[in-house]
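Encoded as structure tokens, here's the structure I'll be asking about.
One-based numbering along the sequence shown. Computation of the quantities below employed the complete heavy-atom set of this structure, encompassing side-chain atoms and omitting hydrogens, waters and symmetry-equivalent molecules.
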Amino acid sequence: MEGDAGKDLGCQKTMDGKVSNRNGSAKKIPSCCLKAKASAPELEAKCHSTVVSGWFTESQSLPDKAGKKVFFNNPMWPGEAHSLEVKNILFKGKSEYQEVLVFQSSTYGKVLVLDGIIQLTEKDECAYQEMIAHLPLCSLPSPKTVISKIFINLAEAILFGKVFVILSTFVDGLVHWQLLNVVVAAFGYCCNTNLHVRLTLLQCKMQVLVVGGGDGGVLREISRHNSVELIDICEIDQMVIDVSKKFFPELAVGFEDPRVQVHVGDAVEFLRNAPPGKYDAIIVDSSDPVGPAQELVEKPFFETIARALRPGGVLCNMAESMWLHTHLIEDMISICRETFKGSVHYAWASVPTYPSGVIGFLVCSTEGPPVDFVKPINPIEKLEGAPKHKRELRFYNSEIHSAAFALPSFLRREVNLLRDPPTATQQICIS
């Protein structure tokens with residue numbers, strides 16, 4: 001079976017059913033990446049999820065007049081359907097962008113569905129939310145560690161420069177801030193770089209951007225990190241935020257953090273207007289790359305992300321299922337290798353209610369201080385209060401973090417970029 005996974009799949013580039021290869025020739029888009037439309041006008045109104053006989057089923061299909069199958073919703077996984085027993089429907093509405101459905105299931109708790117596709121369930125949301133947040137953030141060094149190293153380097157530079165300063169170094173493991181200012185001032189005076197050094201040290205807290213994530217779960221996980229001083233979130237659909245606050249309070253609690261700044265609008269435009277190098281980490285919690293969301297897996301979007309990240313900043317992007325979309329994974333990795341000049345890695349986690357039961361993550365870093373994604377340099381277990389902040393961690397830990405980068409043999413074979421040896425400046429995780 002592993003030899004056939006992802007076989008004959010191509011990546012969607014246009015909505016007209018064709019895509020150009022690198023050599024300029026056109027090839028047909030596979031059905032898994034082509035958004036189908038009902039051919040019969042009377043069926044158009046039914047192109048959304050319905051609950052039939054007490055069961056919700058993703059990716060319904062019905063025969064059209066010609067006897068061919070017509071796929072409804074998002075046919076990213078043709079020939080499959082995942083059903084959950086429905087106890088009762090809690091909410092059903094349509095925003096400017098999508099249909100929103102919430103229902104109470106018999107086994108997975110409340111379920112959030114957008115345009116017929118399950119986004120989360122109360123039972124297994126922890127796996128996705130915790131991994132997409134902590135894979136990048138636990139791979140960045142704590143600002144306390146960075147400041148301590150800067151302190152030592154400054155002290156050494158001052159002493160070598162024959163500026164004698166008596167240092168009383170640490171108080172309870174923390175840098176003495178008044179003394180550090182003295183050191184910075186002296187070092188800046190000697191090197192004529194006072195302003196630059198001060199500005200560098202003032203940015204001792206991290207700034208994070210979440211693209212999408214209107215349910216609040218990623219915000220909840222980021223809030224475990226005290227080293228983060230600003231959490232921007234750009235969600236296009238206000239209805240998703242409102243519905244989540246009403247029906248999923250355990251996720252929407254993330255919006256209550258005073259560090260969170262909510263921006264309702266187009267993330268592409270938001271990133272275009274972001275100051276260069278503003279963010280330490282950007283987390284893209286997007287929907288499947290079909291229709292308008294296709295823009296979120298194309299090179300211009302990744303270029304705007306790279307521009308908004310500081311040197312050594314990191315991106316974590318949802319990256320589909322390795323069982324279904326190896327072609328899309330390879331396409332995304334190829335784009336990120338061209339765009340980001342640091343590391344590019346692929347990781348995955350088990351989420352039972354997602355197609356094929358797994359979901360992938362693409363983590364990248366910009367050129368600058370090297371980032372080792374495989375070994376968390378900032379273990380969450382060592383962050384004061386983090387494991388039980390708001391809610392105890394249910395899925396993520398440092399062992400799961402490292403294990404997420406162990407890839408199956410078929411994936412390495414089918415995604416060429418996962419088996420190619422990395423260059424000196426481009427690292428691809430294959431172990």
Aromatic plane relationship, F340 with F302 - under 30° parallel, 30 to 60° tilted, over 60° perpendicular: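 It falls in the perpendicular class, over 60°.
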
Does V351 offer a backbone N or O that forms a donor-acceptor pair with the side chain of D124 under 3.5 Å?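 Here the side-chain-to-backbone pair does not exist.
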
Heavy-atom distance under 4.5 Å between the side chains of D285 and D215, does that happen here?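 In contact.
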
Return the set of residues passing salt bridge (Lys or Arg N to Asp or Glu O under 4.0 Å) with R391 (not counting sequence neighbours), or none when no residue passes.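 Scan of R391 (salt bridge (Lys or Arg N to Asp or Glu O under 4.0 Å), adjacent residues dropped) gives E125, E130, E250.
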
Beyond-backbone contact of V363 with L315, side-chain heavy atoms, under 4.5 angstrom: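 With C-beta onward as the side chain, the pair stays apart.
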
So, do L120 and V111 sit near enough that their side-chain heavy atoms are less than 4.5 Å apart?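 In short, these two side chains do not touch, never coming nearer than 4.5 Å.
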
Should V210 and L219 be marked as a side-chain contact (heavy atoms from CB on, under 4.5 Å) after you check the CA-CA gap, both sets of side-chain angles, and the distance that decides it? CA-CA 8 Å; V210 178; L219 299 178; 4.0 Å; yes

For R224 and A386, indicate whether the former's side chain and the latter's backbone hold a donor-acceptor pair under 3.5 Å.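 Indeed, once roles are kept as given, a pair shorter than 3.5 Å links the two residues.
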
Taking the six-membered ring for Trp, are W348 and F405 ring centroids under 6.0 Å apart?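 Not under 6.0 Å, so no.
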
Interatomic spacing from CD1 in I117 to CD in E99 - rounded to 0.5 Å: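 The CD atom of E99 is 11.0 Å from CD1 of I117, to the nearest 0.5 Å.
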
Closer than 3.5 angstrom, by distance alone: can the side chain of H401 be matched with the main-chain N or O of F373 as a donor-acceptor pair?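 Here the side-chain-to-backbone pair exists.
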
Give the minimum heavy-atom separation between A404 and M131, together with the two atoms involved.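 Heavy atoms only, the tightest pair is CB-CE, 3.6 Å.
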
Considering residues at least two apart in sequence or located in another chain, which fulfil the salt bridge (Lys or Arg N to Asp or Glu O under 4.0 Å) criterion with E122?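 If we apply the salt bridge (Lys or Arg N to Asp or Glu O under 4.0 Å) test to E122, skipping adjacent residues, the hits are K110.
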
Any side-chain heavy atom of F103 sitting closer than 4.5 Å to one from L90?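 With C-beta onward as the side chain, the pair stays apart.
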
Flag the pair N378 / L383 as yes when at least one side-chain heavy-atom distance between them is below 4.5 Å, and no otherwise.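 Contact flag for N378/L383 side chains = yes.
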
Distance from S343 atom OG to R337 atom CZ, nearest 0.5 Å?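 These two atoms lie 11.0 Å from each other.
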
Looking at E235 and G214, would you say the former's side chain and the latter's main chain have a donor-acceptor pair under 3.5 Å?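 Between the backbone of G214 and the side chain of E235 there is a qualifying donor-acceptor contact (under 3.5 Å).
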
Taking NZ, NE, NH1 and NH2 as the nitrogens, is one of them in K278 or D232 under 4.0 Å from a carboxylate oxygen of the other?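 A salt bridge links K278 with D232.
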
Donor-acceptor contact below 3.5 Å, side chain S223 vs main chain D257: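 Judged by distance alone, no pair lies under 3.5 Å.
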
Taking atom types as modelled and ignoring hydrogens, do the side chains of S334 and D331 form a donor-acceptor contact shorter than 3.5 angstrom?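 There is no such pair between these side chains.
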
Please test L271 against I282 for side-chain contact (heavy atoms from CB on, under 4.5 Å), starting from the C-alpha separation and ending with a verdict. CA-CA 10 Å; L271 277 164; I282 295 177; 4.1 Å; yes

If we only count heavy atoms from C-beta on, is the V100 to L114 side-chain gap below 4.5 Å?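 Contact flag for V100/L114 side chains = yes.
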
OG on S227 to CG on L140, rounded to 0.5 Å: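 Nearest 0.5 Å value for the CG-OG distance: 8.5 Å.
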
Flag the pair V268 / F301 as yes when at least one side-chain heavy-atom distance between them is below 4.5 Å, and no otherwise.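 Sidechains of F301 and V268: in contact.
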
Using the test side-chain hydrogen bond (donor to acceptor under 3.5 Å, both in side chains), find all partners of T107 that sit at least two apart in sequence or belong to another chain.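 In terms of side-chain hydrogen bond (donor to acceptor under 3.5 Å, both in side chains), with neighbours along the sequence ignored, T107 is linked to no residue.
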
Which pair of heavy atoms, one from A347 and one from L135, lies closest together, and at what distance?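 What the structure gives for the nearest pair is CB-CD1, 4.1 Å.
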
So do L411 and Y346 actually touch side chain to side chain, heavy atoms under 4.5 Å?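 Touching, per the 4.5 Å side-chain cut-off.
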
Do any pairs count as a ring-ring contact (aromatic ring centres under 6.0 Å, His included) and have a residue in residues 116-135, sequence neighbours left out, and if so which ones?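 Non-adjacent pairs meeting ring-ring contact (aromatic ring centres under 6.0 Å, His included): Y128-Y354, Y128-F361, H134-H225, H134-Y396.
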
Can you name the residues that form a side-chain hydrogen bond (donor to acceptor under 3.5 Å, both in side chains) with D237, not counting sequence neighbours?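 D237: side-chain hydrogen bond (donor to acceptor under 3.5 Å, both in side chains) contacts with S95, Q98.
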
Check step by step if side-chain contact (heavy atoms from CB on, under 4.5 Å) holds for I380 and N397. CA-CA 7 Å; I380 200 160; N397 56 49; 5.8 Å; no

What is the minimum heavy-atom distance between I359 and M318, and which atoms define it?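 What the structure gives for the nearest pair is CD1-SD, 3.7 Å.
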
Closest approach of I236 and Y97, non-hydrogen atoms and distance?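 It is O-CE1, 3.3 Å.
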
Please report the C-alpha distance between V314 and L309 in whole Å, then the side-chain angles of each, then the deciding distance to 0.1 Å, and finally whether the side-chain contact (heavy atoms from CB on, under 4.5 Å) criterion is met. CA-CA 7 Å; V314 299; L309 286 170; 5.9 Å; no

Main-chain N/O of G109 paired with S105 side-chain donor or acceptor, under 3.5 Å: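 Yes; at least one donor-acceptor contact below 3.5 Å.
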
Do the side chain of R220 and the main chain of A252 share a donor and acceptor less than 3.5 angstrom apart?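 No; judged by distance alone, with no hydrogens or angles, the pair does not exist.
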
For E303, salt bridge (Lys or Arg N to Asp or Glu O under 4.0 Å) partners two or more places apart: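 With neighbours one apart ignored, the set is empty.
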
State whether the side chain of T366 and the backbone N or O of R310 hold a donor-acceptor pair below 3.5 Å, judged by distance alone.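 Judged by distance alone, yes, a pair lies under 3.5 Å.
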
For the residue pair R272 and T304, what are the closest heavy atoms and their distance?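 Here R272 and T304 meet closest at CG-CG2, 4.2 Å.
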
Nearest 0.5 angstrom please: D280 CG to L230 CG, how far?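 Interatomic distance, D280 CG to L230 CG, rounded to 0.5 Å: 10.0 Å.
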
Just verifying a value: how many Å separate I132 CD1 and N317 CG, rounded to the nearest 0.5 Å?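 If I round to the nearest 0.5 Å, the distance is 7.0 Å.
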
For the pair E229 and R259, find out whether any cationic side-chain nitrogen is under 4.0 Å from an anionic carboxylate oxygen.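 Between R259 and E229 there is no salt bridge, as every charged N stays at least 4.0 Å from the carboxylate O atoms.
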
Euclidean distance, L84 CG relative to Q104 CD, rounded to 0.5 Å: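 Answer for the CD-CG pair, Q104 versus L84, is 11.5 Å.
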
If you take all heavy atoms of I329 and M322, which pair is closest and at what distance?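 Looking at all heavy atoms of both residues, the closest pair is CD1-CA, 3.7 Å.
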
Between the side chains of S398 and E381, does any donor sit under 3.5 Å from an acceptor?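 E381 and S398 do have a side-chain donor-acceptor pair below 3.5 Å.
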
